[in-house]
Structures are given as structure tokens and as C-alpha cells.
Amino acid sequence: MRMPVIFSGHGDPMIALRKDEVSMTFEEVGKQFLAKYGKPKAILAISAHWYTHGNLLQKMENPPKINDMFGFPKELYEIPYQVKGCAELSDKVAEILGASVEIDNDWGIDHGVWAVFVHMFPAADIPIVELSVNGDISAEEIFEIGVKLSDLRAQGYLIFGSGNIVHNLREADWDNPNGTEKTLKFNQEIIDAVLKGDTKKVIEYEKIPNASYAIPTPEHYLPLIYCIGAADGDGAKVFNNVCNLGSMAMTGFIFES
């Protein structure tokens, strides 16, 4: 059975501590995934928070959980989420991407991954390898990397992207539990494009009205494009179609055959 591809919005790190609609949906997605597919051999995670020059790839036995955020309550930093790495998966990704990828163990499992997985896969018993978001290449090239990685799914690996369709911290309103009109419109444009299989529109997101507001910097959006490529034409289901903080979209997708 071919593993699905999951893209998830992660929003602010406090989602790791919250019990709300979004975190409860993470839990349900994880339970349904494990019931249907069982545990994957490992997870290839592509997080907005590892945004780099070039394609960097972890190959560590015990990748550390890193607290790449500042100014939050002590309890957030004390959340445990220690997982194993997977040398086999690292080697397979390195083989697929060839000379374009470099092993780099200066990072770890960042909050774009663990803040979701403490709800989705709370046992922390699935090995994780992170692949960085390459800030030096075009969205089209990122899509092609996703296409190349899609073969991993048939080998028992889950591909997981973490970011946000709308992520504008400069416009964030911490007292707003909903999204602004611009956030809602852009989020829905992308949802509609994904559900229709309009890959071109997702890749050429800068042409969509309100793109400069929704995505002032691309690192949180680009994990979706890796996932679209890895989905290999599979249909998508939406989860957490929720906008909050004014300028944040928590929308996620599961791509399945």
C-alpha cells in the first residue's frame, strides 16, 4: 500500500500545548492514518523552519528536538519529543537527489514538526528525517523535487510537509481568533486549486490576488509545493480549514491514492 502525503499548517508553537479544534483534528488525523496504513518505516519531514541555501538532509541516529522559538512559556520548551533518525531513508533521499543534496546535521526536529506530531503521532515512535526547504530554487524546481521523492511512498515512507498557506507575522493579530478577509480569500483560492488538481495555480501562487499579503516570504508556503509534487496526482482531502490570528491559515491536506 502506498503511503499518503500530508501537508499541515502549524501556526504558532503554542498549538503543542493547546486542546482546541485544530489540535484535536491533528489527533484524529493521526489515529485515522495509523488505523488505515499502520506505522510508516519513517517520515521524511519538510519544515518551513529549516529554510536554507541548497538542499540539506539529516542523517542522524538521534536527531535532537530543538526549540527554535523565543519568548514562550517554560512549559512549551519542556515538551518531550525525542525520536530516532533513519539512515536508510536518508540514504534513499540522497540517492534520489544525487549531487544536489548535502548531508547536514546542524539542525534537528524543529517545532514545525514536533508541535504537530505531539498530537498526531504522540508516541514519538516513528523515525524522522528532515529535508530542508531550498530557498535558492524556483517553485517549479521544488515541485520537481517532490515528484522525485514520490517513489518513497511505495517503499513505506510518509512524506510530511509543515508550513502555512497564509503566514504573515507582521500582520498577525493575537486577539483575533479568525482570519482577515484577505487571509480567507487566499486560503480558499489555494484550497480550490488543490482540490481541483490545478497544480499550475498552486505553483504560480504569486499571481493570485493577495499573495503578497498571504506570503510575504515563501518559506511557510513552499512545503506545500513539495507535497503537491510528491502526491503524484493523488486526490486531496482537507483538514483544519481554520484561519486565525488574522493572518494565519492552519489548513492541511492528505493526499491519497
Donor-acceptor contact below 3.5 Å, side chain [X] vs main chain [Y]:
| X | Y | answer |
| --- | --- | --- |
| Ser47 | Val113 | no |
| Gln58 | Asn105 | no |
| Tyr37 | Leu158 | no |
| Asp234 | Phe255 | no |
| Thr251 | Asn241 | no |
| Asn168 | Arg170 | yes |
| Tyr77 | Phe72 | yes |

Lys/Arg N to Asp/Glu carboxylate O, Asp20 vs Arg18, below 4.0 Å: yes
Presence of salt bridge, Lys74 and Glu78, under 4.0 angstrom: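 Salt bridge present between Glu78 and Lys74.
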Under the salt bridge (charged side-chain N to carboxylate O under 4.0 Å, His left out) test, which residues partner [X], sequence neighbours left out?
| X | value |
| --- | --- |
| Glu61 | none |
| Glu206 | none |
| Lys201 | Glu189 |
| Asp192 | none |

From [atom1] ([X]) to [atom2] ([Y]), nearest 0.5 Å:
| X | Y | atom1 | atom2 | value |
| --- | --- | --- | --- | --- |
| Thr199 | Glu204 | OG1 | CD | 11.0 Å |
| Gln188 | Ile165 | CD | CD1 | 9.5 Å |
| Ile6 | Met3 | CD1 | CE | 10.0 Å |
| Asp136 | Thr52 | CG | OG1 | 7.5 Å |
| Ile159 | Ser150 | CD1 | OG | 7.0 Å |
| His220 | Met248 | NE2 | CE | 7.0 Å |

Enumerate the residue pairs fulfilling salt bridge (charged side-chain N to carboxylate O under 4.0 Å, His left out) with a member in [range], sequence neighbours excluded, ordered by first and then second residue.
| range | result |
| --- | --- |
| residues 29-48 | Lys36-Glu256, Lys39-Asp125 |
| residues 88-116 | Lys59-Asp91 |
| residues 113-123 | none |

Please name the pair of heavy atoms, one in [X] and one in [Y], separated by the smallest distance, quoted to 0.1 Å.
| X | Y | result |
| --- | --- | --- |
| Ala94 | Val101 | CA-CG1, 3.8 Å |
| Ile109 | Trp114 | O-CD1, 3.1 Å |
| Phe186 | Val166 | CD2-CG2, 3.8 Å |
| Phe253 | Ala236 | CD2-CB, 4.2 Å |
| Ala48 | Gly163 | CB-CA, 4.2 Å |
| Pro216 | His167 | CD-O, 3.5 Å |

Indicate, with yes or no, if Ile254 and Ile190 share a hydrophobic cluster defined by side-chain heavy-atom contacts under 4.5 Å among Ile, Leu, Val, Met, Phe, Trp and Tyr.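 Unlinked, Ile190 and Ile254 end up in two clusters.
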Please tabulate, for side-chain N and O atoms in residues 221-233, each donor-acceptor pair with protein atoms closer than 3.5 Å (sequence neighbours left out).
unit_1: Tyr221; atom_1: OH; unit_2: Val202; atom_2: O; d: 2.7
unit_1: Tyr226; atom_1: OH; unit_2: Asn134; atom_2: N; d: 3.0
unit_1: Asp232; atom_1: OD2; unit_2: Arg2; atom_2: NH1; d: 3.2

Does Asn210 reach the side chain of Thr183, with side-chain heavy atoms less than 4.5 Å apart? no
Validation row: Asn62, Gln82 side chains within 4.5 angstrom (heavy atoms):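 Contact flag for Asn62/Gln82 side chains = yes.
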How are the rings of His10 and His49 set relative to one another: parallel (under 30°), tilted (30 to 60°) or perpendicular (over 60°)?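 Answer is tilted, since the angle falls between 30° and 60°.
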Could you tell me which residues satisfy ring pair (Phe, Tyr, Trp, His ring centres under 6.0 Å) with Tyr157, sequence neighbours excluded, listed by chain and number? none
Between Phe160 and Phe117, is the ring centre distance below 6.0 Å? yes
Which residues pass the side chain to side chain contact (heavy atoms under 4.5 Å, CB included) test with Pro73, sequence neighbours left out?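 Here the qualifying residues are Met14, Glu75.
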Connected-component partners of Leu184 among ILVMFWY, side-chain separation under 4.5 Å: none
So which residues get pulled into Ile66's cluster when ILVMFWY side chains under 4.5 Å apart are joined, directly or through others? Trp50, Leu56, Trp107
When you look at NZ of Lys65, are more than 12 heavy atoms from neighbouring residues, nucleotides or ligands closer to it than 6.0 Å? yes
Would the number of heavy atoms belonging to other residues, nucleotides or ligands and lying under 6.0 Å from CD of Glu141 be above 12? yes
Using a distance-only test with no angle check, is there a side-chain donor-acceptor pair under 3.5 angstrom linking Asn244 and Asp12?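 Short answer, no.
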Would you check if there is a donor-acceptor pair between the side chains of Tyr213 and Thr180 at a distance under 3.5 Å? yes
